[in-house]
Amino acid sequence: MFKLSLYSVPEGQSKYVEEARSQLEESISQLRHYCEPYTTWCQETYSQTKPKMQSLVQWGLDSYDYLQNAPPGFFPRLGVIGFAGLIGLLLARGSKIKKLVYPPGFMGLAASLYYPQQAIVFAQVSGERLYDWGLRGYIVIEDLWKENFQKRQDFSMLPRLILNSWAQVIHPPRPPEVLGLQPGNVKNSPGTK
């Protein structure tokens, strides 16, 4: 019988030879390499949207549970609010702006009759945001005026500059210090009362 020594390695006659890749393997490799950025993008998008979708599904389930166990009088109130929206839509015939304003306005009015506390909170928050946007709009127009029109006295470009700068106005609320204003001087700034 043949005995192996513990301290020596027998000489091997075998050699590992890697097989050449076939054309199919090369094509699949190139395809995987080509698709890698797209699959990475899909994975990142999925990981970003998954929590949002889960919260949306949870919101839907919570809404379904709420509607199954709705408080007394909820559905008649909902019907009156929806009917007010339809009335607003009927009264808004002819004008696109009226169609955008009347139905939500009538629905908001009907909802505020049934839910006055929530309507007050909504009005306060909306008023603060409108004031903030108005103040920012004033600041942007004032900056445009100082930069462009006091130097040249050319008014032909004013509408275009105002429209192009409107995107600068819509930002989340920031304190007056960030906007370059003194907190005590916001009400005393030129153009405000």
Is there a side-chain contact between [X] and [Y] in this structure, where contact means two heavy atoms from C-beta onward sitting under 4.5 Å apart?
X: Thr40; Y: Glu44; result: yes
X: Ser55; Y: Trp59; result: no
X: Tyr114; Y: Val80; result: yes
X: Tyr66; Y: Pro71; result: yes
X: Leu135; Y: Ile139; result: yes

Would you give the length of the straight line joining atom [atom1] of [X] to atom [atom2] of [Y], rounded to the nearest 0.5 angstrom?
X: Gln124; Y: Glu128; atom1: CD; atom2: CD; answer: 7.0 Å
X: Lys99; Y: Lys96; atom1: NZ; atom2: NZ; answer: 8.0 Å
X: Ser126; Y: Trp133; atom1: OG; atom2: CH2; answer: 9.0 Å
X: Leu56; Y: Thr49; atom1: CG; atom2: OG1; answer: 11.5 Å
X: Thr45; Y: Tyr38; atom1: OG1; atom2: OH; answer: 13.0 Å

Does any N or O in the side chain of Ser29 come within less than 3.5 Å of the main-chain N or O of Glu25, such that one atom is a donor and the other an acceptor?
-> no
If you take all heavy atoms of [X] and [Y], which pair is closest and at what distance?
X: Leu90; Y: Arg93; answer: O-NE, 3.0 Å
X: Lys98; Y: Pro103; answer: O-CD, 3.6 Å
X: Gly88; Y: Tyr102; answer: O-CB, 3.4 Å
X: Phe75; Y: Leu67; answer: CZ-O, 3.6 Å
X: Gly85; Y: Met107; answer: CA-CG, 3.3 Å

How about Gln54: does its CD atom have over 12 heavy atoms from other parts shown lying under 6.0 Å from it?
-> yes
Step through the shown structure and confirm whether more than 12 heavy atoms of other residues, nucleotides or ligands are within 6.0 Å of OH on Tyr115.
->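 More than 12 heavy atoms, drawn from other residues, nucleotides or ligands, come within 6.0 Å of this atom.
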Hydrophobic cluster membership, with links at side-chain heavy-atom distances under 4.5 Å among I/L/V/M/F/W/Y: are [X] and [Y] in one?
X: Phe106; Y: Ile97; value: yes
X: Leu100; Y: Leu89; value: no
X: Leu109; Y: Leu78; value: no

Is it true that the NZ or CZ of Arg136 lies under 6.0 Å from the centre of Tyr131's six-membered ring and within 45 degrees of the ring axis?
-> no
For Leu31 and Ser27, run side chain to side chain contact (heavy atoms under 4.5 Å, CB included): C-alpha distance rounded to whole Å, both residues' side-chain angles, the deciding distance at 0.1 Å, then the answer.
-> CA-CA 6 Å; Leu31 180 65; Ser27 300; over 6 Å; no
